S.K.: 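Structure provided below as C-alpha cells; questions to follow.
Just so it is clear, the model here is predicted, and its values are computed rather than measured. All ligand and atom numbering here is 1-based and tracks the order in the structure.
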Amino acid sequence: MPIIIMEPVKGGMLANTIPELEAMMRKQQPNRSIASWAFRFVGSLDNVMTILSGMSNEEQMKDNLETFINFEPLNDKDKEVLDEVTKAMAKLPNIQCTSCRYCCDGCPVNISIPDVISALNTLRMYGEQTRPQFFYNNLVERSGKAGDCISCGQCEAVCPQHLPIIDIMKEASERFDK
Ligand code: SF4
Ligand code: SF4
C-alpha cells in the first residue's frame with residue numbers, strides 16, 4: 001500500500017535537539033542537517049509515495065532538495081547512530097508538543113496551551129526558573145493561567161500527540177502560578 005507521510009520532522013521538533021545528540025549525528029554525517037536525518041529515515045521506508053514537509057523558509061527548502069535529489073537511504077552505521085539518538089531523546093524530560101495549536105480554540109478558559117508547555121519545557125530541560133517564569137508571566141497577561149484549567153478534556157480529545165494536557169497544566173500551575 002502506498003504511504004503518504006505527514007509531519008516527518010514532527011512540526012520542527014526533530015530539526016533541533018540538545019548539543020550532545022546533534023554532535024552524534026554530525027560526527028556520522030558532518031555535511032547533513034539534523035532535519036535531514038528525519039527525512040532520510042522516512043525516505044528509506046518501503047512504499048513511500050509522498051513526504052509532506054511543512055517548510056517555512058527558503059533555507060529549509062534548499063536543505064530538503066539536497067536531501068532528496070540523489071537520495072541516499074540510511075546506511076547501517078546511520079541506523080545505529082539514529083537508534084542511539086532516539087533512545088537518548090526518549091529519556092529527555094521535554095514534553096513532545098509540536099505547537100500545532102489544534103487544542104487552543106476550544107479551550108473555555110483561553111489557555112495558550114503550547115506556550116505554557118514551551119515555558120514548562122524550558123524549566124524541565126534547563127532547571128532555570130527566571131527566563132521561563134518571565135515568559136509565562138507575560139503570556140498570562142493576555143491568556144488564561146495554567147491554574148485556570150477546569151479539566152474539561154477538550155484539548156486532550158484533539159491533541160494529535162495524545163499529550164496528558166490536564167496533568168501538564170497542573171504541573172505548570174504548581175511551577176509558575178505564584
Ligand atoms: S482541559 Fe484545561 S487546558 Fe484543556 S481545554 Fe479544558 S480548560 Fe483548557
Ligand atoms: S494539540 Fe497537542 S501538540 Fe498541538 S499544540 Fe496542543 S498540546 Fe501541542
Side-chain angles (χ1 to χ4, degrees), residues 3-18 21-22 25 33-43 45 48 50-57 59-61 63-64 82 85-178:
I3 299 170
I4 298 171
I5 295 177
M6 287 180 70
E7 299 251 24
V9 277
K10 208 173 181 186
M13 289 191 76
L14 300 179
N16 295 292
T17 183
I18 58 172
L21 300 185
E22 282 206 20
M25 290 185 269
S33 68
I34 300 306
S36 75
W37 283 80
F39 288 120
R40 290 176 65 231
F41 173 77
V42 290
L45 301 173
V48 172
T50 303
I51 299 168
L52 298 165
S53 143
M55 293 168 281
S56 47
N57 59 43
E59 188 188 344
Q60 291 173 1
M61 187 179 70
D63 185 43
N64 288 359
L82 198 54
V85 167
T86 50
K87 282 180 181 152
M89 265 186 184
K91 289 183 187 156
L92 294 176
N94 61 328
I95 300 155
Q96 300 287 307
C97 167
T98 61
S99 293
C100 66
R101 305 193 79 85
Y102 294 162
C103 53
C104 293
D105 282 351
C107 177
V109 290
N110 192 32
I111 300 173
S112 186
I113 296 164
D115 296 313
V116 171
I117 292 176
S118 172
L120 186 56
N121 270 342
T122 305
L123 185 57
R124 279 187 178 198
M125 290 286 285
Y126 305 108
E128 192 274 320
Q129 185 88 23
T130 310
R131 194 161 53 99
Q133 184 74 58
F134 181 75
F135 174 84
Y136 180 85
N137 291 350
N138 281 330
L139 179 71
V140 298
E141 281 180 12
R142 55 185 193 279
S143 60
K145 300 195 300 291
D148 294 338
C149 174
I150 55 170
S151 305
C152 69
Q154 176 282 143
C155 51
E156 294 191 359
V158 297
C159 176
Q161 305 300 325
H162 308 293
L163 296 175
I165 299 170
I166 295 170
D167 287 345
I168 292 168
M169 290 305 114
K170 282 181 189 153
E171 179 185 342
S173 180
E174 282 163 16
R175 302 182 83 167
F176 292 124
D177 291 332
K178 308 280 181 184

S.K.: Measuring from atom 7 (S) of ligand 1, which candidate in I168, I150, V158 has the nearest non-hydrogen atom?
M.R.: I150
S.K.: Looking only at heavy atoms, what is the nearest atom pair of F135 and D115, with distance?
M.R.: CE2-O, 3.3 Å
S.K.: Looking at V109, which atoms of ligand 1 are within less than 4.0 Å of one of its heavy atoms?
M.R.: 7 (S)
S.K.: Using a 6.0 Å cut-off, check whether atom CZ of R101 has over 12 heavy atoms from anything other than its own residue.
M.R.: yes
S.K.: Calculate, to the nearest 0.5 Å, the distance between atoms OG and CD1 belonging to S99 and I113 respectively.
M.R.: 11.5 Å
S.K.: Under 4.0 Å, heavy-atom basis, I'd like to know which part of P114 is in contact with ligand 2: side chain, backbone, both or neither.
M.R.: side chain
S.K.: What atoms of ligand 2 come within less than 4.0 Å of a heavy atom belonging to I165?
M.R.: 7 (S)
S.K.: For atom 5 (S) of ligand 2, what's the nearest protein heavy atom and its distance?
M.R.: R101 N, 3.1 Å
S.K.: Taking 2.8 Å as the cut-off, does C149 contribute an N, O or S atom near atom 2 (Fe) of ligand 1, distance below it?
M.R.: yes
S.K.: Which atoms of ligand 1 have any heavy atom of I166 under 4.0 Å away?
M.R.: 1 (S)
S.K.: Do V42 and V48 pass the side-chain contact (heavy atoms from CB on, under 4.5 Å) test, and can you show the C-alpha distance, the side-chain angles, and the key distance before you say yes or no?
M.R.: CA-CA 8 Å; V42 290; V48 172; 5.6 Å; no
S.K.: How far is atom 2 (Fe) of ligand 2 from the closest protein heavy atom, and which atom is that?
M.R.: C159 SG, 2.4 Å
S.K.: Mind checking whether I113 contacts ligand 1 via backbone (N, CA, C, O), side chain (CB onward), both or neither, at a 4.0 Å heavy-atom cut-off?
M.R.: side chain
S.K.: If we check side chain to side chain donor-acceptor pair (under 3.5 Å) with D63, which of these qualifies: S33, S53, S36?
M.R.: S33
S.K.: Using residues 155-168 as the side-chain source, report each donor-acceptor pair under 3.5 Å to any protein atom, sequence neighbours left out, with the distance given to one decimal.
M.R.:
unit_1 : atom_1 : unit_2 : atom_2 : d
E156   : OE2    : I165   : N      : 3.0
E156   : OE2    : I166   : N      : 2.8

S.K.: To the nearest 0.5 Å, what is the distance between CD (E171) and CE (M169)?
M.R.: 9.5 Å
S.K.: Taking only heavy atoms of P160 into account, list the atoms of ligand 2 that are under 4.0 Å away from them.
M.R.: 1 (S)
S.K.: Between D148 and V109 (side chain of the first, backbone of the second, donor and acceptor by atom type, cut-off under 3.5 Å), is there such a pair?
M.R.: no
S.K.: Does Q129 use its side chain to pair, donor to acceptor, with the backbone of L123 at less than 3.5 Å?
M.R.: no
S.K.: I need the E59 CD to N64 CG distance, nearest 0.5 Å.
M.R.: 11.0 Å
S.K.: Only heavy atoms of Q161, strictly under 4.0 Å: list the atoms of ligand 2 that pass.
M.R.: 3 (S)
S.K.: Relative to ligand 1, is S151 under 4.0 angstrom through side chain, backbone, both or neither, heavy atoms considered?
M.R.: backbone
S.K.: Hey, is S99 touching ligand 2 through its side chain, its backbone, both or neither, going by heavy atoms under 4.0 Å?
M.R.: backbone
S.K.: At what distance is the nearest protein heavy atom to atom 4 (Fe) of ligand 1, and which residue and atom is it?
M.R.: C155 SG, 2.2 Å
S.K.: To the nearest 0.5 angstrom, please state how far the SG atom of C103 sits from the CD1 atom of I111.
M.R.: 10.0 Å
S.K.: Should you measure from each heavy atom of Q154, which atoms of ligand 1 turn up under 4.0 Å away?
M.R.: 5 (S)
S.K.: Donor-acceptor pair, distance only, cut-off 3.5 Å: does the side chain of Y136 make one with the backbone of A172?
M.R.: no
S.K.: Check each atom of ligand 1 against the heavy atoms of C107 and keep those under 4.0 Å away; list them by number with element.
M.R.: 5 (S), 7 (S), 8 (Fe)
S.K.: Return yes when at least one N/O/S atom of C100 is nearer than 2.8 Å to atom 8 (Fe) of ligand 2, and no when none is.
M.R.: no
S.K.: For atom 8 (Fe) of ligand 2, grab the closest protein heavy atom and report residue, atom and distance to one decimal in Å.
M.R.: C97 SG, 2.4 Å
S.K.: Considering only non-hydrogen protein atoms, determine which one is nearest to atom 6 (Fe) of ligand 1 and report residue, atom name and distance to 0.1 Å.
M.R.: C152 SG, 2.3 Å
